[in-house]
Amino acid sequence: MGVTAILFWILSSLALLSAIMIVVSKNPVHSVLWLILVFFAISGHYLLLNAQFLAIVNIIVYAGAIMVLFLYVLMLIDLKKIVDPQRSLWIKLVGVATGCCLLLVLIAALSKADQTTALTQTIGGNIGLVENLGKILFSEYLVPFEISSILFLSAMVGAVVIGKK
Amino acid sequence: MFFTAIDYWIFLEKAILILAVVSISLVIAMYATWAERKVAAVMQDRRGPNRAGPFGLFQPLADGVKLFMKEEIIPNVSAKFLFVMAPALAMITALMTSAVIPWGSSVHLFGRDISLQIADINIGILYIFGVISLGVYGIMIGGWASNNKFSLLAAIRGASQMISYELAMGLSLIAVLMMTGSLRLSVIVAQQSEGFFNWNIIYQPLGFLIFFICALAECNRTPFDLPEAENELNFGYHQEYSSMKLGFYLFAEYINMFISGVVMATLFFGGYDIPFVNEAAWGNHWWVALLGCGMLMTKALFFVFLFMWIRWTIPRFRYDQLMNVGWKKLIPLALINMVITAAVMLFFSK
């Protein structure tokens, strides 16, 4: 096993453990903190794939901004007053079944994926570096990039309009 | 067979460098507390600490011993694990930024070229932003875990203040990035080190001003120390903390000040470049690197002094004023600065 493989297993187990802890935790604030840990583990994976820009943007945007807002809202709610709703057995069973269906679909989709080309693209690939990513985004994918920025703008305007009410 | 390919000396080299950087930051933070009191004393026509040692120089040690000896109180109603973890988080995020800063040019020792930068990653500036945006957690988790209404209010104030000022900070830096064309801090310093007139401050004075104001806000320094506003919130987010956990919070603030001084020196004031001197002509000696490192420290400490000067001169903002300055003044200014920089660059490139 090389260093990359060891790091991969450590990061994967960390991500999975934290993801399970998000669901298991009773306290929503603890769930958010575990979610932050998941983002860190995923950023580590991005680094292993040599996608440095994606890794750090994942930290800045998700761990640094969105999760802070999550915490912000959760801390203002008096958590003791909210009683954990008692769900019936049937709802729990349906939840498990749908979760299993999703897992099945994901495995089926991944097993068909062509692994060899994916490997050659990621290992030793430089597409994730800021320079290459920027060049591709502003040449080949310029139209989708601009459309998504308009989407962001409209979301911002919407947020301001709702906030003004 | 894979592990034999690794250059093991690099671990030792980096470990020593990390240890040196962390301990220097801690010592500077220690003496920054002393300097703060001396600066305050001079401005208020007092003497300041002068009992422990010559010029009160042992005062930080006495303070440290006092903090260690105090009784450690963990409130019964607090979230205990998070309560203990929060000051450590504040400390870690304060120290982590130092990893990407080029502390000097490379040194040639024992037949090896040793770079005085812990990690020369090509997303250096974004890394600094990532760490800054994580800096909120120390305050937020500490304030929430204390289970005290004043602490919680202060934590939420701190979080919204930091998020607001991060935006203007990022926008002011984009103009610098457009000029340098690299996110790598070593490249940014190398471009500036050709001479005094290559420093970014000459081309980006407005960008620096915005960055400086935002750095004040990110460090929770007066006039932006709303999270610790004594007259409204008692003691702010560290209300319930005692002993060295409180010490960590207070220390982290001074480390943040020092590191943000270093970042400002690196981005706008030529980093380890000695002004009006062509130090590259002196050759690749260890003392040249050391001199450069000293120069960077001098620049950074000047900014720390500037922070203190401002603290004892300007009164605190009101909360709505703070938000107005951040969102309605600094962000538009930073955007204008960015557009002007882009236009000028486009004009001259043609």
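We name chains A, B, ... by the order of the sequence lines, and we start the count at 1 in each one. Keep in mind the model is a prediction, meaning the values are calculated, not measured. All values below come from the heavy atoms of this structure, side chains included, with hydrogens, waters and symmetry mates left out.
Taking CG from Leu33(A) and CZ from Phe81(B), the interatomic distance works out to 9.5 Å, rounded to the nearest 0.5 Å. Between Ile56(A) atom CD1 and Ile128(B) atom CD1 the span is 10.0 Å, to the nearest 0.5 Å.
The shortest heavy-atom contact between Met75(A) and Leu152(B) is O-CD2, 3.6 Å.
More than 12 heavy atoms of other residues, nucleotides or ligands lie within 6.0 Å of OH in Tyr319(B), so this atom counts as buried by the packing criterion. Within a 6.0 Å sphere centred on NZ of Lys149(B), other residues, nucleotides and ligands contribute 12 heavy atoms or fewer. With a 6.0 Å radius and a threshold of 12 heavy atoms from other residues, nucleotides or ligands, Tyr165(B) has its OH atom above the threshold. In this structure, Asp320(B) places its CG atom where more than 12 heavy-atom neighbours from other residues, nucleotides or ligands lie under 6.0 Å away. Few gaps surround CZ on Phe83(B); more than 12 heavy atoms of other groups in view lie less than 6.0 Å from it.
Here the side chains of Val136(B) and Tyr72(A) are not in contact, with every heavy-atom distance at 4.5 Å or above. A heavy-atom distance below 4.5 Å is found between the side chains of Ile36(A) and Tyr137(B). Within the 4.5 Å cutoff, the side chain of Leu126(B) has no heavy atoms near those of the Ile59(A) side chain.
Looking at Ile156(B), both its backbone and its side chain come within 4.5 Å of chain A, counting heavy atoms on both sides. For Ser182(B), no part sits under 4.5 Å from any heavy atom of chain A, backbone or side chain. Contacts of Ile121(B) with chain A are absent, with no heavy-atom separation under 4.5 Å from either backbone or side chain. At a 4.5 Å heavy-atom cutoff, the contact between Leu82(B) and chain A is made by side-chain atoms alone.
Heavy-atom pairs under 4.5 Å with chain B peak, among Ile60(A), Leu71(A), Val57(A), at Ile60(A).
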